[in-house]
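Values below: all heavy atoms of this structure, side chains included; hydrogens, waters and symmetry mates excluded.
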Amino acid sequence: MSKEYKTIQEVAGPLMLVRGVEGIAYDELGEIELSNGEKRRCKVLEIDDGNALVQLFENSTGINLESSKVRFLGRSMELGVSEDMLSRVFDGLGRPIDGGPDILPEERRDINGLPMNPAARDYPEEFIQTGVSAIDGLNTLVRGQKLPIFSASGLPHAQLAAQIARQAKVVGTTEPFAVVFAAMGITFEESNFFVESFQETGAIDRAVLFMNLANDPAVERIATPRMALTAAEYLAFEKGMHVLVILTDITNYADALREVSAARKEVPGRRGYPGYMYTDLATLYERAGRQRGKNGSITMIPILSMPEDDKTHPIPDLTGYITEGQIILSRDLYRKGVQPPIDVLPSLSRLKDKGIGTGKTREDHANTMNQLFAAYARGKDAKELMVILGEAALTEIDKLYAKFADEFEARYVSQGYRTDRSIEETLDLGWELLRILPRTELKRIRDEYLDKYYDKK
């Protein structure tokens, strides 16, 4: 039986100081028993000369310093994992909230995970089809990759996240595929939207959902993505599944980190965020990947809303350093009614060339991708020129490029949140749009592909 302490010295916000403790470790879980028998959980943040600073998971209301007791449990926070987690909905601390029974765990795992040995990593190289043309065709997602979505407040990243979660699949394999979805600091309405979106399409059968609401404690928000990644590691590396992890919204997670850091009176870094935020985010993102000798993999799509639409803000800035590219949502395209409003020119997938081509997507993919980027960029320039100088100032070829840019946004990028396009449909649509331009303009595509696809009406 672990020792009980009645030496609570003070409580300040989410933090509590316990004096005269011995034999406890950093990150250890504790249990606070109130005078009325109610129990609340906490974890050790700091130990200094027999004093323990602990962080509360619930609020501190009603904790009486004299009559409340603290007991330390001798273990850090764990998640009981099992294949039965699929098709279930949990709160941010891994407790079922869908009315179903508790999970009977096959094993219990520390939610902080173990770092993956860099030498044991396999290179990402298999294409994952999301069914979204702007991603599949131009900024391809590869199995084992970390590809964040940079959004902004008011933009429909929730709809895009739900669409990718419903539609994603590894093409050309029968190996099991699962989605682990973690939402942090979202509203009750958003939580309902995600759960219903999974249920109505049947995607819930291969999904594990962790929901942390905006009114849940900040410290729970810090645990939520770690719970999700622990479940993902179990399904990927023990059960051999391809797991897609979607984390939304990383900005709420970083704000919770800042809140706890401020309560601990730590020296703030950029914009008040703790100086260790880079390291902290890396401990999440770097849990994605493929391991040598194991079939499973973890592919990650973190979603973050950029405060004030600023991609130099610390959260997107640090995320960009750690991950392999970004998908950027544009307010201008959103105002034009483009759904999803993915701005393909500043978006980037650093591994896209590894997951496309013969045997993966199609032999013409790389050529058409480069040509679509070039034509769209020139078309946007032509449209800007038209705004300044009027249409009369454009050459005939510039007018064709301007028409291409409009058609590209309306038909290729904008596909709605219910359309699931195969990679063949996406590539064929690209060729259809390129036929707006004369063949002589398509200088980035090899003649053999032009003969095979451009001339095919």
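Sorted by first and then second residue, the salt bridge (Lys or Arg N to Asp or Glu O under 4.0 Å) pairs involving residues 150-178 (not counting sequence neighbours) are Lys169-Asp420. Pairs passing the salt bridge (Lys or Arg N to Asp or Glu O under 4.0 Å) check and including a residue from residues 147-164, sequence neighbours excluded, do not occur.
By the side chain to side chain donor-acceptor pair (under 3.5 Å) test, Glu238 is found to be paired with Arg109, residues two or more places apart in sequence or in another chain being considered. In this structure, Arg206 has no salt bridge (Lys or Arg N to Asp or Glu O under 4.0 Å) partners at least two apart in sequence or on a different chain. Scored by the side chain to side chain donor-acceptor pair (under 3.5 Å) test, Gln371 finds no partners at all (sequence neighbours excluded). A search for salt bridge (Lys or Arg N to Asp or Glu O under 4.0 Å) contacts involving Asp84 returns nothing, not counting sequence neighbours. Residues that satisfy the side chain to side chain contact (heavy atoms under 4.5 Å, CB included) test with Ala207, not counting sequence neighbours, are Val179, Phe198, Leu209. Take Ser414 and apply the side chain to side chain contact (heavy atoms under 4.5 Å, CB included) test, not counting sequence neighbours, and it matches Val338, Gln339. Residues passing the side chain to side chain donor-acceptor pair (under 3.5 Å) test with Thr224: none are found, sequence neighbours excluded. With sequence neighbours left out, Pro217 forms a side chain to side chain contact (heavy atoms under 4.5 Å, CB included) with Val219, Glu220. Here Ala232 pairs with Val180, Val243, Val245, Ile298 under the side chain to side chain contact (heavy atoms under 4.5 Å, CB included) rule; sequence neighbours left out. Qualifying side chain to side chain donor-acceptor pair (under 3.5 Å) partners for Gln129, counting only residues two or more places apart in sequence or in other chains: none.
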